[in-house]
Amino acid sequence: MTGGSLGIRSGSYGSLDKQLQNNNNGVSPIQSARKPSKMLKEKERLFHWICKFAGRKKVGMLFLCLISAAVFVWVLYIGKGEDEQGVSVENISVNNSITISYLGSLQTHGPQSNNVTFSLALPPPPPAVFLGYTLPPGHPCNLFTLPPPPADKKRTGPRPCPVCYLPVEEAIALMPKVPSDSPVLKNLTYIYEENLSRETEFGGSDFGGYPTLKQRSDSYDIRESMSVHCGFVGGSKPGRNTGYDMDEVDLHDMEQCHGVVVASAIFGNFDEINQPTNISDYSKETVCFYMFIDEVTEAYLRSSGKLGSDRKVGIWRTVVVHNPPYTDGRRTGKIPKLLVHRMFPNARFSLWIDGKLELVVDPYQILERYYYHDK
């Protein structure tokens with residue numbers, strides 16, 4: 001090689017003059033590398049230490065697990081960042097009680113993004129209804145059979161009517177907690193007439209109104225919503241200035257009946273009041289027994305000492321009817337029989353007993369056997 005060569009200056013060994021002196025002697029300078037730093041030496045030592053112990057089985061598995069965990073965390077972090085750029089989480093409130101998280105991609109067009117509104121409404125749960133029940137197999141009432149008819153066909157007078165009644169405690173326990181299903185008639189209102197029209201096709205009365213023949217015929221066509229003529233069309237409430245009027249204290253007590261009501265009536269002092277028998281203590285405390293009488297019957301009961309200041313005759317709570325709408329006592333007696341639901345607006349069940357009859361079974365047993373058993 002001719003001429004002078006430019007040598008590479010080392011970091012700390014010699015100077016440029018020394019290198020030029022070596023060149024003058026005809027020796028080519030040697031290109032030397034930069035001396036490794038102290039940090040690089042430490043890394044090399046750590047690498048040699050890792051290589052030394054990596055060959056061991058347990059240590060190698062440990063390093064492998066650490067590396068795998070680091071890669072897994074890195075992948076999750078990268079994936080989460082991508083999802084946050086294109087996915088939105090919507091919280092949807094349903095019926096103010098249920099919150100649903102909705103994940104949906106939002107596509108952007110230009111500088112603005114589309115606002116998506118979701119509306120979700122779940123149908124309300126169906127109301128609980130009483131669908132009846134069946135007694136378990138082997139129950140005595142499932143094996144009950146009616147006796148054969150009497151052999152003497154000429155036999156007159158009342159005949160026994162055997163019925164398998166459940167024990168009172170069992171009948172009470174089976175009382176339905178929810179109302180029965182009413183798939184047909186749901187909304188029933190009564191027609192209130194300020195000015196009654198007495199010139200109609202069919203006629204009527206001041207107590208029940210004056211429906212036309214068409215209105216009367218339509219009332220037999222059961223529909224989901226109906227408006228019909230009914231008793232107590234006048235006045236502010238049944239029993240108050242409507243014909244068939246009752247005292248305020250009686251109306252107040254009747255409104256307090258929220259369970260079972262047993263009703264009967266005697267007008268014109270036609271029958272004697274018969275006391276129910278075989279009534280459980282629970283029924284005496286929870287069942288409302290009401291006897292409707294007129295002023296003639298009230299006078300007889302007071303003169304005979306049967307009616308006290310508590311308005312009761314035995315178990316019956318008497319209610320005196322004033323200003324009856326009809327002169328015929330039998331016709332007036334049909335009012336509590338047919339319109340007991342108007343007179344006891346808060347009662348759930350009602351039983352009617354004719355004045356000449358005697359109730360010999362607990363009301364809960366009758367309801368179980370004839371109303372909600374196998375409904």
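Residue numbers start at 1 and run along the sequence shown.
- Ring-plane geometry between F292 and Y244 is classed as tilted, the angle between the planes lying from 30 to 60 degrees on a 0 to 90 degree scale.
- Under the disulfide (SG to SG under 2.5 Å) criterion, C257 pairs with C288, not counting sequence neighbours.
- Heavy atoms only, all atoms of each residue included: P276 and I315 are closest at CD-CG2, 3.4 Å.
- V168 is connected to V360 through a chain of hydrophobic side-chain contacts under 4.5 Å among Ile, Leu, Val, Met, Phe, Trp and Tyr, so both are in one cluster.
- To the nearest 0.5 Å, the span separating NZ on K337 from CD1 on I353 amounts to 10.5 Å.
- Using modelled atom types, one finds a donor on one side chain and an acceptor on the other under 3.5 Å when comparing E272 with Y300.
- Distance check, rounded to the nearest 0.5 Å: NZ of K237 to CD of E255 gives 3.5 Å.
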Verdict with reasoning, E368 to Y133, per side-chain hydrogen bond (donor to acceptor under 3.5 Å, both in side chains): CA-CA 10 Å; E368 186 280 327; Y133 63 91; 2.6 Å; yes
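- In this structure, D362 contributes its side chain and S280 its backbone to a donor-acceptor pair below 3.5 Å.
- Nearest heavy atom pair, residue G208 against residue H229, reads O-CB, 3.7 Å.
- Counting heavy atoms from C-beta on, the side chains of H252 and D250 never come closer than 4.5 Å.
- Taking the ring axis of Y190 as reference, the NZ or CZ atom of R342 stays within 45° of it and closer than 6.0 Å to the ring centre.
- Taking the side chain as every heavy atom from C-beta outward, I273 and I266 approach each other to under 4.5 Å.
- Using a distance-only test at 3.5 Å, with no hydrogens or angles considered, a donor-acceptor pair links the side chain of N142 to the main chain of P136.
- The minimum heavy-atom distance linking I335 with P325 is given by the pair CD1-CG, 3.5 Å.
- Residue R330 places its CZ atom among 12 or fewer non-hydrogen atoms of other residues, nucleotides or ligands, all under 6.0 Å distant.
- Screening residues 311-330 for ring-ring contact (aromatic ring centres under 6.0 Å, His included) gives F289-W316 as the qualifying pairs, with residues at least two apart or on separate chains.
- Looking at E295 and R302, no side-chain N of the basic residue comes within less than 4.0 Å of a carboxylate O on the acidic one, giving no salt bridge.
- Considering all non-hydrogen atoms of both residues, V319 and M254 come closest at CG2-SD, 4.4 Å.
- Taking the side chain as every heavy atom from C-beta outward, V287 and V261 never approach each other to under 4.5 Å.
- In the hydrophobic cluster analysis, where Ile, Leu, Val, Met, Phe, Trp and Tyr join through side-chain heavy atoms closer than 4.5 angstrom, F130 is grouped together with Y370.
- Remark: side-chain polar atoms of K356 are not paired, donor with acceptor, to backbone N or O of D354 under 3.5 angstrom.
- For the residue pair T286 and Y364, a side-chain donor N or O sits within less than 3.5 Å of a side-chain acceptor on the partner.
- Put simply, the residue from V262, T318, D253 that forms a side chain to side chain contact (heavy atoms under 4.5 Å, CB included) with Y290 is D253.
- Cluster annotation: M246 and F207 are assigned to the same hydrophobic cluster (Ile/Leu/Val/Met/Phe/Trp/Tyr, side-chain heavy-atom contacts under 4.5 Å, transitive).
- Considering only residues two or more places apart in sequence or on other chains, E170 meets the salt bridge (charged side-chain N to carboxylate O under 4.0 Å, His left out) condition with none of them.
- Note that the CG atom of L339 and the OG atom of S350 stand 11.0 Å from one another [nearest 0.5 Å].
- No donor-acceptor distance shorter than 3.5 angstrom exists from the side chain of T242 to the backbone of P238, with no hydrogens or angles considered.
- One distance of note links CG of L135 with CG of L166; it measures 5.5 Å at 0.5 Å rounding.
- Paired with S227 under the rule side chain to side chain donor-acceptor pair (under 3.5 Å), one option of N187, D218, T189 passes, and it is T189.
- Taking 4.5 Å as the limit, some side-chain heavy atom of V313 sits within range of a side-chain heavy atom of Q275.
- In this structure, the separation between CE on M291 and CG on L301 is 9.0 Å, given to the nearest 0.5 Å.
- Looking at heavy atoms from C-beta onward, R240 lies out of side-chain contact with D245 at the 4.5 angstrom threshold.
- No chain of hydrophobic side-chain contacts below 4.5 Å, direct or via other Ile, Leu, Val, Met, Phe, Trp or Tyr residues, connects F344 to W352.
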Steps toward side chain to side chain contact (heavy atoms under 4.5 Å, CB included) verdict (I366, L359): CA-CA 10 Å; I366 297 177; L359 180 63; 3.5 Å; yes
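- L351 places a side-chain heavy atom less than 4.5 Å from the side chain of L367.
- Of the inter-residue distances, the one linking F267 atom CZ with K334 atom NZ reads 11.0 Å to the nearest 0.5 angstrom.
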Between R317 and R311, is a side chain to side chain contact (heavy atoms under 4.5 Å, CB included) present by the stated rule, with each step listed? CA-CA 6 Å; R317 165 71 159 84; R311 300 173 180 257; 3.5 Å; yes
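- Nearest heavy-atom pair across P363 and I279 is CD-CD1, 3.8 Å.
- The hydrophobic clustering, which links ILVMFWY residues whose side-chain heavy atoms are closer than 4.5 Å, places V260 and V361 together.
- Proximity of Y165 to C141: side-chain heavy atoms (C-beta onward) are nowhere separated by under 4.5 Å.
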Would you check, one step at a time, whether the test side-chain hydrogen bond (donor to acceptor under 3.5 Å, both in side chains) holds for T297 with N269? CA-CA 4 Å; T297 307; N269 197 26; 4.7 Å; no
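- When all heavy atoms are compared, the tightest approach of F349 to P176 is CZ-CG, 3.9 Å.
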